[in-house]
Colleague: 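Attaching a single structure in structure tokens format; questions to follow.
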Amino acid sequence: MEVIEGCRLPVLRRNQENEDEWPLAEILSVKDISGRKVFYVHYIDFNKRLDEWVTPERLDLKKIQFPKKEAKTPTKNGLPGSRPNSPERELKRKLEAASLVTQCSPATPVAPAPEIPTPVYAQQNGSARRPVPAVAGRKRKANCLGTDEDSQDSSDGIPSAPRMTGSLVSDRSHDDIVTRMKNIECIELGRHRLKPWYFSPYPQELTSLPVLYLCEFCLKYLKSLKCLQRHLTKCNLRHPPGNEIYRKGTISFFEIDGRKNKNYSQNLCLLAKCFLDHKTLYYDTDPFLFYVMTEYDCKGFHIVGYFSKEKESTEDYNVACILTLPPYQRRGYGKLLIEFSYELSKVEGKTGTPEKPLSDLGLLSYRSYWSQTILEILMELKSDNGERPQITINEISELTSIKKEDVISTLQYLNLINYYKGQYILTLSEDIVEGHEKAMMKRHLRIDSKCLHFTPKDWSKRGKW
């Protein structure tokens, strides 16, 4: 029984509890290594970052499902192809062929979402209720960047990465078998070795190497340790290019213009794509700003994570891509990046929201940040003359710079909004208060607005780009 691409069958894997399980997986690729076949599998209903090469011993061949062949309907000539044309379909085809102008039907008007009346905040005791799901964000194009033909010099014999063009949406219909598979085995970045989660369009010559070496300061990619050592003798950078706009302790943020520092921006995006699956690479970094968070030690400023944002956003997006590198995850840096993006929005006098859709980890981080920030505002309210304290959705949005739609969806997610005697009341239970206090005790990293030195620019004039 030959296992081919497209087959589905149970595959043995070890879960987080260190237990063996047999989830259903799809065979994406088959190759021979020293005369022995190995299979690249995607576990159905699991994140793509768990995809891996497996040996035949891990396949359950008794339950194999072969891909179904598409049935072809014979034409009027008896040949395989599309179904026979009816007179109406033939007439329609001729009319479409003769038409020179394509007419679009007018868009169906969408009813505006109902406004939630001004809620009254009140605190009362009670048990925690089950949260309701948040409102799903609509899909829109997203940025994560690209490469230019001169993004790497040729002194190390490495060609530049190919240009990636096309639609910047989260729709996966553009994927082919190549982009569905991880192509980089390992990345060495400073003192860390990273195992990529997803495909990234580095030059094909580098994908067969056991380790891809990156300069941790300029992010240039190199094919060997010897090339990296030679590069480090010439690279003068000890921090990301651009302006340092925040420093507190060992944490610094650098603002990088995607037009002025194109090579660094493109290299940053190639690295980020290894850990972001919901974004599509694009070659033009000019319309974006990049904010890189670093940790300082005696050797320099080491990259921890970053987020990018459009210089001009018509939909109040204050983040396009956001990423904390794997060695620094689960240490509070993700929330620090999010908090910094909203601090910039406060200085700009705007409310902001991240571009949708968010990754699974991104959604968790944002939902946690929104919940903690809004609860912090509500718990600081004080009653006047013994009456219940009052606050509106707009006031919460202005205080936090969180867009009104995100405030509403978070309150719904926490199940805080209740309708009582003709008005909406926000009710905090003891469980929610206790959970919030415990979460804030663990949150040691916070942005100090006094350490931020940032002057927003007016990007409406293209001459400033």
Side-chain angles (χ1 to χ4, degrees), residues 1-70 144 162 164 169-188 192-212 270-281 323 325-327 329-330 357-364:
M1 184 180 300
E2 184 179 2
V3 179
I4 60 175
E5 295 176 4
C7 289
R8 293 190 174 192
L9 72 172
V11 176
L12 176 64
R13 71 178 294 270
R14 188 65 58 89
N15 60 22
Q16 292 182 346
E17 287 75 28
N18 209 27
E19 298 173 348
D20 290 342
E21 59 182 7
W22 292 84
L24 184 66
E26 179 183 354
I27 305 295
L28 298 185
S29 183
V30 183
K31 69 178 181 180
D32 280 313
I33 298 180
S34 302
R36 189 186 188 197
K37 285 189 176 182
V38 291
F39 306 90
Y40 191 85
V41 300
H42 166 65
Y43 298 102
I44 308 300
D45 297 329
F46 285 74
N47 193 285
K48 280 174 58 178
R49 60 174 165 264
L50 300 176
D51 295 0
E52 60 180 336
W53 289 97
V54 301
T55 55
E57 294 80 13
R58 294 174 58 182
L59 306 181
D60 185 357
L61 299 177
K62 297 179 182 178
K63 300 180 180 179
I64 189 170
Q65 305 171 17
F66 287 97
K68 296 180 181 179
K69 295 182 179 180
E70 296 183 2
C144 209
M164 302 294 291
V169 295
S170 62
D171 182 19
R172 311 310 302 178
S173 61
H174 66 279
D175 279 4
D176 54 26
I177 195 64
V178 175
T179 59
R180 290 181 68 188
M181 296 170 55
K182 303 172 192 175
N183 58 334
I184 304 295
E185 184 69 25
C186 180
I187 291 176
E188 183 170 305
H192 299 291
R193 283 207 168 183
L194 316 177
K195 194 171 181 64
W197 296 348
Y198 308 110
F199 170 88
S200 183
Y202 280 102
Q204 192 171 1
E205 290 78 1
L206 304 179
T207 59
S208 60
L209 300 175
V211 179
L212 176 62
L270 283 171
L271 172 62
K273 184 62 185 71
C274 291
F275 307 99
L276 294 172
D277 183 47
H278 65 296
K279 300 293 187 182
T280 302
L281 286 185
L323 171 71
L325 290 175
Q329 290 179 359
R330 304 183 67 85
L358 292 165
S359 66
D360 53 349
L361 298 179
L363 180 60
L364 287 173

Colleague: Going by heavy atoms in the side chains, are Arg49 and Asp360 under 4.5 Å from each other?
Modeller: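 Counting from C-beta outward, Arg49 and Asp360 do come under 4.5 Å.
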Colleague: I want to check something: taking the side chain as every heavy atom from C-beta on, are Tyr202 and Lys273 in contact at a cut-off of under 4.5 Å?
Modeller: no
Colleague: For Cys274 and Ser200, which heavy atoms make the closest approach, and how far apart are they?
Modeller: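 Closest pair (atom of Cys274, atom of Ser200, distance): SG-CB, 3.6 Å.
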Colleague: Quick one: which of Tyr198, Phe199, Tyr40 gives a side chain to side chain contact (heavy atoms under 4.5 Å, CB included) with Lys182?
Modeller: Tyr40
Colleague: Checking Arg58 side chain against Val11 main chain: does a donor-acceptor pair fall under 3.5 Å?
Modeller: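 No; judged by distance alone, with no hydrogens or angles, the pair does not exist.
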Colleague: How many angstroms lie between CG in Asp51 and CG in Leu28, if you round to the nearest 0.5 Å?
Modeller: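 Answer for the CG-CG pair, Asp51 versus Leu28, is 6.5 Å.
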Colleague: As a test of understanding, state which of Glu52, Glu21, Arg13 forms a side-chain hydrogen bond (donor to acceptor under 3.5 Å, both in side chains) with Tyr43.
Modeller: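 Among the candidates, only Glu52 passes.
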Colleague: May I ask you to test the Val3-Lys37 pair for a side-chain heavy-atom distance under 4.5 Å?
Modeller: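 Not in contact.
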Colleague: How many angstroms lie between atom CG of Leu209 and atom CD1 of Ile184, to the nearest 0.5 angstrom?
Modeller: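 So the CG of Leu209 and the CD1 of Ile184 are separated by 8.0 Å.
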Colleague: Could you report the tightest heavy-atom contact between Lys48 and Asp277, atom names first, then the distance?
Modeller: NZ-OD1, 3.2 Å
Colleague: Would you call Lys195-Glu185 a salt bridge at under 4.0 Å N-O?
Modeller: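 Counted as a salt bridge, because a side-chain N and a carboxylate O are separated by less than 4.0 Å.
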Colleague: Taking all non-hydrogen atoms of both residues into account, name the closest pair between Ala272 and Leu323 and its distance.
Modeller: CA-CD2, 3.7 Å
Colleague: Within a radius of less than 6.0 Å around CG of Asp45, do more than 12 heavy atoms belonging to other residues, nucleotides or ligands occur?
Modeller: no
Colleague: To the closest 0.5 Å, what do you measure between CZ (Arg14) and CD (Glu19)?
Modeller: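 One finds 9.0 Å between CZ of Arg14 and CD of Glu19.
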Colleague: Within this structure, what is the CG-CD distance for the pair Leu9 and Glu26, rounded to the nearest 0.5 Å?
Modeller: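 Taking CG in Leu9 and CD in Glu26, the distance rounds to 10.5 Å.
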Colleague: Quick one: closest heavy-atom pair of Pro196 and Phe275, and the distance?
Modeller: CA-CE2, 3.9 Å
Colleague: Using salt bridge (charged side-chain N to carboxylate O under 4.0 Å, His left out), reason through Glu57 and Arg36 one step at a time and then give a plain yes or no.
Modeller: CA-CA 12 Å; Glu57 294 80 13; Arg36 189 186 188 197; 2.4 Å; yes
Colleague: Rounded to the nearest 0.5 Å, what's the gap from CG on Leu270 to CG on Leu212? Could you check?
Modeller: 9.5 Å
Colleague: Shortest non-hydrogen contact from Leu59 to Trp22?
Modeller: C-CZ3, 4.2 Å
Colleague: Looking at CD1 of Ile27 and SG of Cys7, how far apart are the two atoms once the value is rounded to the nearest 0.5 Å?
Modeller: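 Interatomic distance, Ile27 CD1 to Cys7 SG, rounded to 0.5 Å: 7.0 Å.
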